[in-house]
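Quick notes on the structure that follows.
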2 protein chains.
Amino acid sequence: MAMGRPREFSCEKALDQALQVFWRKGYEGASMADLTEAMGITKPSLYAAFGNKEELFRKALDRYADGPGGYYREALNKPTAREVVTHVLYQAAEALTHPDNPGCLAVQGALSCGDAAETIKQELMARRAKSETELRERFERALAENDLPAGADAADLARYITALLQGMAVQAAGGATHAQLRGIAEMTLRNWPPA
Amino acid sequence: MAMGRPREFSCEKALDQALQVFWRKGYEGASMADLTEAMGITKPSLYAAFGNKEELFRKALDRYADGPGGYYREALNKPTAREVVTHVLYQAAEALTHPDNPGCLAVQGALSCGDAAETIKQELMARRAKSETELRERFERALAENDLPAGADAADLARYITALLQGMAVQAAGGATHAQLRGIAEMTLRNWPPA
DNA sequence: GCCCATCTATACCGCACGTTACGAATGTGT
DNA sequence: ACACATTCGTAACGTGCGGTATAGATGGGC
């Protein structure tokens with residue numbers, strides 16, 4: 001059977017470019033014209049390769065979690081709770097201040113939106129909740145290992161750290177520098193774990 | 001001279017309804033159809049009374065700062081730094097979890113956006129920066145009054161609290177409850193001021 | 001060398017957006 | 001009661017959106 005004409009662009013490279021655009025402008029703010037221009041392909045090629053805008057965004061999200069957002073998974077594997085928090089805060093301070101597109105895709109992708117993007121907003125809410133749950137479970141393990149004070153509440157601690165990370169993302173979107181975010185991380189670590 | 005036909009709606013009530021819509025959907029996500037329907041007026045009436053969408057949003061922002069966001073100014077007037085932080089965190093936990101429209105207009109109004117809304121995004125960044133500056137100046141005063149430890153950095157403290165508040169806003173947008181946000185506030189206060 | 005599945009590019013679709021002309025309706029000032 | 005400034009609702013404008021039909025270009029398989 002014939003294989004047909006091979007595609008003239010790299011799906012991975014194109015997806016990376018799409019990720020940059022979504023990261024900078026959010027899901028709704030990124031137009032198909034923005035995306036195709038950055039990806040260097042035409043609209044029919046995009047639709048053939050990625051389905052539609054929503055599927056493209058989900059694939060960009062997955063790629064974000066494995067690439068620029070990978071420090072989160074790394075942090076969860078650190079041996080102690082303190083090292084988990086140290087790693088995640090410092091790496092976030094670094095990752096959130098990439099000069100080209102500051103902030104976090106999972107936060108600014110669709111914090112609020114019109115009716116058309118409601119399902120994307122829900123998806124991002126679910127992903128943020130999942131990350132917080134993973135952190136909570138990591139802290140529960142730390143409690144079982146006597147790696148955190150006996151009275152501590154893993155859920156509260158996870159919510160606190162998650163809020164801090166999301167706040168750092170907003171700060172980064174507002175132009176905060178690497179050093180400023182690192183200052184927030186240091187201040188948080190100075191009071192970890194709580195008494 | 002003749003005064004002409006009087007308008008049949010209340011500008012204040014209409015602006016309040018517009019604020020609700022912007023709060024829930026953000027600047028770009030709120031369509032003129034959404035706004036006019038909620039405000040109970042037609043599009044020409046809206047344009048005659050408020051200029052255009054951008055001016056309407058700015059007026060809604062001002063009203064937000066004087067109404068639902070008024071707790072921030074209140075907090076800055078508390079006599080001690082600890083009372084400032086206590087008030088702002090607890091009141092934020094309350095204000096951010098209004099059941100109808102959770103979160104903070106200044107955060108989710110336009111964290112990221114398309115090219116058309118770039119000036120609105122800049123405006124929100126400036127307002128958030130201004131709030132942080134006011135908090136920093138309040139902490140500088142506290143330092144001068146020996147109301148904070150001598151070595152503390154007012155700018156770092158203000159950034160830390162601001163990030164926490166913005167993170168709470170993201171948490172609220174994700175469905176966090178009043179009690180959960182209060183937990184974050186309590187955890188923060190337990191470590192205030194830093195050693 | 002031919003076939004044909006697949007990709008590429010132009011051009012277009014219907015729709016919703018923010019915004020505005022226009023004429024009818026309305027209450028005030030004289 | 002008349003004149004007029006202003007608001008009202010309808011209906012439309014131009015533009016850009018996400019998405020697609022269609023026709024031509026391309027190269028692998030036999």
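Within every chain, numbering begins at 1; the chains are lettered A, B, ... in the order of the sequence lines, protein sequences first and strands thereafter. Treat the numbers as computed from the prediction; the structure is a model and nothing was measured.
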| field | Residue B:Pro6, side-chain heavy atoms: nucleotide from C:dG27, D:dG19, C:dT8 that is nearest | value | C:dG27
| message | So, does A:Thr42 get its side chain near the phosphate of C:dT8, meaning an N or O under 4.0 Å from OP1 or OP2? | response | no
| request: Indicate, yes or no, whether a donor-acceptor pair under 3.5 Å links the base of C:dG18 to the side chain of B:Lys53. | output: no
| message | Just the rounded figure in Å: distance from P of C:dT6 to CD1 of A:Ile41. | response | 18 Å
| said: Is it true that, when you exclude B:Glu37 itself, more than 12 heavy atoms of the residues, nucleotides or ligands shown sit nearer than 6.0 Å to its CD? | reply: no
| message | Just the rounded figure in Å: distance from P of C:dG18 to CD1 of B:Ile120. | response | 13 Å
| query | Is the base of C:dA5 touched by the side chain of A:Arg5 through a donor-acceptor pair closer than 3.5 angstrom? | reply | no
| said: Looking at A:Asp34 and A:Ser31, would you say the former's side chain and the latter's main chain have a donor-acceptor pair under 3.5 Å? | reply: yes
| Minimum-distance nucleotide (side-chain atoms of B:Phe9 versus D:dG28, D:dC8, C:dT19) | D:dC8
| query | Starting at CG of A:Leu56 and ending at P of D:dC17, how long is that distance when rounded to a whole Å? | reply | 16 Å
| said: Quick check on the 6.0 Å ring-centre criterion: do B:Trp192 and B:Phe139 meet it? | reply: yes
| Spacing between A:Met32 atom CE and C:dG14 atom C1', to the nearest angstrom | 16 Å
| request: Please state whether the phosphate of C:dC7, meaning OP1 or OP2, lies under 4.0 angstrom from any side-chain nitrogen or oxygen of A:Ser45. | output: no
| query | If you draw a 6.0 Å radius around CZ in A:Arg58, do more than 12 non-hydrogen atoms from other residues or ligands fall strictly inside? | reply | yes
| message | Would you say B:Tyr47 places a side-chain N or O within less than 4.0 Å of OP1 or OP2 belonging to C:dT20? | response | no
| request: Mind checking A:Pro44 for me? I need base, sugar-phosphate or nothing, with any heavy atom below 4.0 Å counting as a touch. | output: base
| request: Taking the six-membered ring of A:Tyr27 (Phe, Tyr or Trp), confirm whether the NZ or CZ of A:Lys53 is under 6.0 Å from its centre and within 45° of its axis. | output: yes
| Touch class at under 4.0 angstrom, heavy-atom based, for A:Ala117 against every strand present | nothing
| note | Assert: residue with more 5' nearest nucleotide on DNA chain C, out of A:Gly40 and B:Lys43, is A:Gly40
| request: Select base, sugar-phosphate, or nothing to describe what B:Ala30 touches, counting heavy atoms under 4.0 Å on all strands. | output: sugar-phosphate
